[in-house]
Amino acid sequence: MAFTLGVHIILVPLGVAWAFMILVAERKAIKHDDADARLLARRWSKVLAVTFAVGAVTGTVLTFEFGLLWPRFMGRFGDAFGIPFAIEGLFFFLEAIFLAIYIYGWDRLSPRAHFWSGVPMVVAGIGGTASVIAANAWMNQPSGFTLNAAGKIVEVDPLGVIFNRAFPYEALHMLVAAYLVGGFMIASVYAVAMLRGRRDRYHRLGFLIAFSVAAVAAPLQMVVGDTVARAVYRDDPVKFAAIELVNRTERNAPEVIGGYLDDQGRVHGGIKIPGLASLLSGYSTNTKIVGLTSVPARDRPTYAQVNTVHLAWDVMIGIGSALAALSAWFGFVWWRKRDLPKTPWFLRAAAVAGVAGVVAMEAGWVVTEVGRQPWIVRNFMRVEDAATTDHGVWITFVVIVAVYAAVAFATVLVIRSMTRRWRAGEETSGPYAPTSGAP
Amino acid sequence: MSLADATALVLFLAISIYAVFGGADFGAGFWDLFAGGAERGRRPRALIEHAIGPVWEANHVWLIFCLVVLWTAFAETFASIFLTLFVPLSIAALGIVLRGSGFAFRKVVPEVSRQRIYGAAFAVSSVIVPFSLGAVVGGIVSGRVPAGATAGDPVSSWINGSSIVGGLLAVAVCAYLAAVFLAHDAHRLGEEDLVGYFRRRAIGAGVVAGGLALVGYLVLAGDATHLHEHLGDRAFPLVIGSALAGLIALALLFRGSVRAARGFAVAAVASVVWGWGVAQWPYLLPTSLTIEAGAAPHGTLVALVVVTVAAVVLIGPSLVLLYVLDQRNALELDDSAASGDQGREPATSTGN
Ligand code: HDD
Ligand code: HEM
Ligand code: HEM
């Protein structure tokens, strides 16, 4: 499950944020009759069609997996957990419908009608993300249901499920992440092209549109992330203790960068900044941070999991800060000179930023998910009680990994082959027309 | 009607829409698979590409919708089904990945050899997925899925008479619908010789599907007694309706009135799905769990009804817009050559 989600989540920023960038380019094309912008929008939408299809099918596998891997979880909590997904279904419909109209409508719809057919796509992307995150946030902060003595759900308050405590901040953090990661991913492709000497207006424009989106999102994400961290401090002290490597409840807790806990719960290695964790959580070094040992060992993550969470946390924050700095650099130079920073190091950094953003996002998910262990629904259901007991699960898993690897590989090959042909001056026309041999 | 029944009704509506539209997309893959060698199969394949390209993703979402409604409204049933039938369901899930990505990829790669690999993935999985889903339905209707979120037999639950007939019937029905739709699409796109090509296949597949339905009825008599009994009384009008619609569609296909045949073909297939639902009522899992007993709490069902209303208001018109634009040939890219052989012309709009 974690694996398939981890793959699916890479496609999400494209589905959500790229659609927006395409509309930015198309608007420019319409307003200024800009042929480069139009070509960009058109080509981007063709690649989006491919990544969307892969996103759709990997998403379908997730839907099946809830049944295949977590039947006991769904059987018990599906009544509540399912509601956000039902809403998500609506947004998927809208996204799939308007994406089709948009992609296939380039030539036969008027430019204005075509532009507007893209707008529901962007809205649906945002709504869809918010709905899935509502489901995930509910696992972190379950609410909106009543259990009877046997632990079975007897009544559900749908609004209570959707608007659980974690929903607002998780949803916002993920949305900003989608724009940040999507922006850097696309920009990095053009950064590489420009480093290889393709510095014409077309490539520059592609870079600028994508990078500008990311450069707005990155600093914003620092502010949002900070809010999220404080909310986790308030709502989920055990996860917060794992993030900050706090074993026993303490005041004046240090911020540890790097480092790990041994199996006695002692901190080793890393750089300690005295009092900073407390300061960041409550604006005072005297703020109390609840430690891991405040709950029995079986109700909190193991030390190995704690170390994973902490490492992932450092990665997210480290990359997030670096990306925000890169954005600030760009913003400053653009403000002064209306141009990109001259040094190739800027483009090199931008080229790396695409992958870095994905890594930061994956790391953030590890913080959320591993930090919730051993719970699948925090304080209500353990992972071990949720899983299927079928022995065939391993086979399913191996096959899924193999198929995903093949699909991922093919996706990269296909997109590369599309861009090669564009560079050679051909549009991808994709007639399925084998001219020799039999299939 | 209780709220639980209303939700079950919504579920069945979604299943029948998926069976018709999603089914036709799978069936197109069936004809793609059997279109013959590369030269001979080129034009039918190009037509298939053209016909399902803009709509298959929207049609596919119905499946997601069905699963989500099932797991939200009837969580325990969902758990039982997936615990018992995990083998065919896993196969279906993998098939869906291969079909979707295969289809998306083959259209954009230039090399014929690679088009053929992706095309094969698309076509083969288009047959496997409906078979698996049909087998799942067979396992459910024959009472092999126990209630109470527990696992039934992992093998006999889908290798049994009802499942095998269910799977074959699903494949045949998909192929039938697809051929009828494609015959019409060929007409719409001015490829008159392909009209006959798909019309003949529609007749063949229609006869096979009808025959399989008959066989299925006999198999159910011994294997799924509850369903069989009520197909013979409560659901009998639907059975007759389906048979009549199927026969009329065949007659129209013989006469060459492809356009008129479409409606009857859809009615024939939808009535089978509805016949299943009506005959199985009031059970979710015959005969161990009723809709009333298996339904989620009131609040959840209210939420689902609200979502359904929102879907009718929002998604309905959007889907109509998509289909209308598609049928008016407004969703065509001028650089994706429909006839399939002059794809290599240089771009006309290259701006750099
Ligand atoms: C590009 C991605 C990215 C960047 C730069 C950041 N984050 Fe993040 N973070 C995510 C992407 C992400 C995410 C999308 O992967 C998560 C996983 C679940 C979620 O809602 O957002 C996440 C989760 C997450 C959580 C756990 C939330 C929970 O379990 O409820 C915390 C406390 C933070 N983040 C805090 C921060 C802080 C303080 C950041 C910077 C200063 C930061 N994040 C930058
Ligand atoms: C809506 C979104 C999500 C849901 C509903 C969800 C659900 C779950 C569930 C049920 C588990 C516990 C079972 C297990 O260990 O596999 C889990 C764990 C995990 N998830 Fe997620 N997940 C979501 C998003 C993600 C994403 C996007 C990632 C990306 C990397 C991810 C990574 C993980 C990891 C690494 C674990 C393993 C924790 C451990 O066993 O220590 N999750 N998640
Ligand atoms: C953090 C979590 C997730 C986010 C933000 C997210 C978002 C999205 C988005 C935006 C799409 C549209 C496809 C694309 O643009 O590539 C998509 C597709 C899909 N996702 Fe996810 N998703 C997440 C996790 C999940 C989970 C846990 C499921 C399981 C139920 C899921 C199921 C699907 C399905 C079924 C599709 C295909 C829909 C279609 O056919 O249009 N996603 N997801």
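Protein chains get the first letters and strands the later ones, always in sequence-line order, with residue 1 at the start of each. Only a predicted model underlies this, so the values are computations on that prediction, with no experimental measurement involved.
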So, the part of B/Leu70 with a heavy atom under 4.5 Å from chain A: the answer is neither
Test side chain to side chain contact (heavy atoms under 4.5 Å, CB included), reference B/Leu67, set A/Phe85, A/Phe64, A/Phe66, output is A/Phe64
Correct closest heavy-atom pair for B/Glu57 and A/Ala53 would be OE2-CA, 3.1 Å
If you tally heavy-atom pairs under 4.5 Å between each of B/Ile48, B/Val55, B/Leu94 and chain A, the highest tally belongs to B/Leu94
Bottom line for A/Phe98: the part with an atom under 4.5 Å from chain B's heavy atoms is side chain
Test side-chain contact (heavy atoms from CB on, under 4.5 Å) applied to A/Thr411 and B/Ser101, step by step | CA-CA 8 Å; A/Thr411 309; B/Ser101 37; over 6 Å; no
Applying a strict 4.5 Å limit to non-hydrogen atoms, the region of A/Val403 in contact with chain B is side chain
Taken to the nearest 0.5 Å, the spacing of B/Thr72 OG1 from A/Ile87 CD1 works out to 9.5 Å
Rounded to the nearest 0.5 angstrom, the CZ-NE2 distance for A/Phe93 and B/His60 is 10.0 Å
If one checks every heavy atom of B/Leu301 against chain A at 4.5 Å, the contacting part turns out to be neither
Under 4.5 Å to a heavy atom of chain B? For A/Leu99 that would be side chain
Side-chain heavy atoms of B/Ile315 within contact of A/Leu94, under 4.5 Å | yes
Between A/Gly78 and B/Ala75, the two heavy atoms sitting closest are CA-CB, 4.0 Å
Rounded to the nearest 0.5 angstrom, the OG1-CZ distance for A/Thr60 and B/Arg99 is 9.5 Å
Whatever's closer than 4.5 Å to a heavy atom in chain A on B/Leu322 counts as both
When every non-hydrogen atom of A/Leu90 is compared with those of B/Ala311, the smallest separation belongs to CD2-CB, 3.4 Å
If one checks every heavy atom of B/Ile96 against chain A at 4.5 Å, the contacting part turns out to be both
Honestly, the part of B/Trp56 sitting under 4.5 Å from a heavy atom of chain A is side chain
Applying a strict 4.5 Å limit to non-hydrogen atoms, the region of B/Leu89 in contact with chain A is both
Pair count under 4.5 Å, heavy atoms only, with chain A: among B/Phe65, B/Phe103, B/Phe78, highest is B/Phe78
Highest number of heavy-atom pairs under 4.5 Å with chain A among B/Ile81, B/Val307, B/Asp326, B/Thr308 belongs to B/Val307
Turns out that what part of B/Val69 lies under 4.5 Å from chain A's heavy atoms comes down to neither
Here the pair of heavy atoms bringing A/Ala86 nearest to B/Leu304 is CB-CD2, 3.7 Å
CD1 (A/Ile83) and CH2 (B/Trp71) are apart, to the nearest 0.5 Å, by 12.5 Å
